[in-house]
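Taking it in order: structure first as structure tokens, then the write-up.
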Amino acid sequence: MSLKDDFILYNCRVISLDHQIPSANTIVISDSKIRYVGIIDSPQTLCSQGSTSVDCKGAIVIPGINDSHIHLLAQASRIAQSDLSHAKPGDMEAVTKMLKSAIAEKPVSAWIKGHGLDNTFFDDTNFTAQYLDSIFPDNPISISNQTGHAMILNSKALVALDIDDISHSPDGVVERDNSNELTGKFYELNSSVSSSIRAISPSSLFQQNILALNSYLLSNGITSVHDAGYNNNLSKIDTLNKLADSSLTSRISTMIQGEEDTINEFVQSKSLKPFSNLNFNTFKIMLTQTTGQFHPSQTELNDLIILINKHGFIAAIHAVEKEAIKMAITAFANAYQFFKIINRIEHCSEFTSEIRWLMSRTPCAISTQPGFIHFRGDLYSSEGQSVPITDLYPLKRMNSLSPILAFGSDAPVIEANPWKAIHGAVNRTTLSGAMFGSHDQRMTFLEALYCFTVNPAKLEGLNAIKSTISPGKLADILILNKDHIEPKSIEEIKPMMTIVGGKIVWDSKDLTLTFH
Ligand SMILES: [Zn+2]
């Protein structure tokens, strides 16, 4: 074969996730696809014929990660903000350091935002706009507290917002000192201050956020995402479609959220495939509970699933607690007898014996987030739950009962870090190191990896073209910073290189590239 224009990865330990390719040390990529994967004794001779080759030096190579539940636009606006939640009460030095590093990455005089600051800072009368000015005179700065109820701005930000406009707001408190000067602190006004900031921020800010989101995803090895939106209507989908066309490298599938009207409007519009680079096959329904009543009701839910499946689409129901999950399975069971479509439950956190019994009778896909075990496990254990901890995210049971168990992050609720999530699935340890639930629900690394690659692609209906390292499939590939996997060090995994469609789209500069 001629390798003139090919891209070759050699000296690697390939985890292909393709049962027909149990081991390999060389991958040949032509254009956007994998052309060959197998064992070659002296790949160097092969490499001299290719246009680009990478010596992986024994590193593990896997298919790209597919995050099956992420809120892309919300994550984009969160990512541009500095997370100040790790600063200890009163540790202004730490806050200064974090904000200074954010400023260093931004254009001169860019708006700097922080969130998650401990409430004690807001109780301190010395923590004012003037204090922030003494450290940050050149950039407008806004910082919100942990609960999102309080915010502080420096003088640049106050001037930029012409803040007197909202100083008489009946909804919240604009704090003034004894001489009637603004202290920069606002209470219960975060959303109105934030929207004022958005109104004066140039559209280039949105573009900056999207660029930051793009490198965040790629540096974490996320080459595909399923956007779960918040209120994904047709205009938001239009924005996503443009991003998929121009700014985001990771492949995007999306869900449209809505009820009967939205679904009808969409399925009746002539163009059922209006998107160029955006994959769409799922409608999402929020199943919410107010004063004990679920909305939509069981009957309405049954009808909605029928409507969605009748048009050949998959339904995804947001259901966290057991009552909601039961309703979702009931509606799926009702539609399954007619359409044989496997619908999905988002989160499905409470997996009780009753749910397991129902699911054993109706096939349901599950998109869940093992990152919650790691990031929130301590909180769940301390809070007291309506179900035993052993019924929360029992991943082995989920995997054996559900025909398709897919993992996602739910970012920005928690980090979109698949390695922490896999760590949660494999070790079931929390941030404090405690075991969450039962030992016997620990997955193997490979089981967890399938849930982050092959299974999400099945939900998108795209597993025939991506998600394993097999000849003919899209070359979405990660070179990891490990030459073997040990459960205890999974959270240290990082991609050294991310390849999407045969192109190197992110690179930690730790590998030696050999160009011929
Ligand atoms: Zn979500």
Side-chain angles (χ1 to χ4, degrees), residues 65-79 81 83 115 148 213 216-217 220 222 224-233 236-237 239-240 243 248 250 252-259 262 278-290 294-296 301 304 308 313-325 327-328 343-351 364-377 379-380 392-393 395 398 402 404-418 420-422 424-425 451-452 455-456 459-460:
I65 295 292
N66 187 334
D67 187 323
S68 76
H69 184 118
I70 185 169
H71 303 275
L72 271 187
L73 296 178
Q75 177 63 26
S77 68
R78 170 53 63 90
I79 206 167
Q81 301 187 16
D83 178 1
H115 67 90
L213 173 69
Y216 176 71
L217 295 173
N220 272 310
I222 300 168
S224 291
V225 294
H226 212 145
D227 173 61
Y230 288 122
N231 305 316
N232 258 357
N233 52 24
K236 272 204 181 159
I237 299 288
T239 307
L240 279 173
L243 294 178
L248 289 178
S250 305
I252 311 175
S253 287
T254 193
M255 299 175 198
I256 290 179
Q257 187 188 312
E259 295 192 5
T262 322
L278 194 64
N279 179 60
F280 165 72
N281 68 345
T282 307
F283 280 99
K284 181 182 169 197
I285 297 167
M286 290 296 293
L287 188 51
T288 53
Q289 196 177 15
T290 37
F294 276 98
H295 180 83
L301 191 64
L304 278 171
I308 292 167
F313 294 103
I314 292 173
I317 299 182
H318 170 102
V320 178
E321 279 127 18
K322 58 180 190 244
E323 292 306 322
I325 299 168
M327 283 179 67
N343 295 301
R344 51 192 278 186
I345 301 176
E346 306 305 295
H347 310 298
C348 203
S349 316
E350 299 185 351
F351 207 64
C364 306
I366 299 174
S367 168
T368 198
Q369 298 81 25
F372 282 109
I373 295 175
H374 179 67
F375 289 110
R376 297 272 174 94
L379 193 70
Y380 296 149
L392 287 177
Y393 304 102
L395 300 173
M398 286 180 171
S402 170
I404 309 172
L405 174 64
F407 288 165
S409 63
D410 205 19
V413 180
I414 55 173
E415 286 175 36
N417 182 328
K420 301 267 188 201
I422 294 177
C451 295
F452 250 133
N455 293 354
L459 291 181
E460 296 175 291

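Just so you know, ligand 1 is whichever comes first in the structure, and atom 1 is the first atom listed for that ligand. Please read all numbers here as calculations on a predicted model, not as lab measurements. Each residue takes its place number in the sequence, starting with 1.
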Could you list the residues that satisfy side-chain contact (heavy atoms from CB on, under 4.5 Å) with Ser250, not counting sequence neighbours?
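With sequence neighbours excluded, Ser250 shows a side-chain contact (heavy atoms from CB on, under 4.5 Å) to Leu217, Leu218, given in chain and number order.
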Regarding His318, does it place an N, O or S atom less than 2.8 Å from the Zn ion (ligand 1)?
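Coordinating: no.
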I'd like to know if the Zn ion (ligand 1) has an N/O/S atom from His347 within less than 2.8 Å of it, counting both backbone and side-chain atoms.
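His347 does not place any N, O or S atom closer than 2.8 Å to the Zn ion (ligand 1).
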Only to 10 degrees, please: what angle do the NE2 atom of His71 and the NE2 atom of His69 make about the Zn ion (ligand 1)?
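So the angle at the metal works out to 100°.
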Look only at the side chain of [X] and the backbone of [Y], and say whether a donor-acceptor pair between them is shorter than 3.5 Å.
{"X": "Tyr216", "Y": "Ala416", "answer": "yes"}
{"X": "Asp410", "Y": "Val413", "answer": "no"}
{"X": "Thr368", "Y": "Phe407", "answer": "no"}

As a test of reading the structure, name the N/O/S atom of Asp410 that is nearest the Zn ion (ligand 1).
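Going through the N, O and S atoms of Asp410 one by one, OD1 ends up nearest to the Zn ion (ligand 1).
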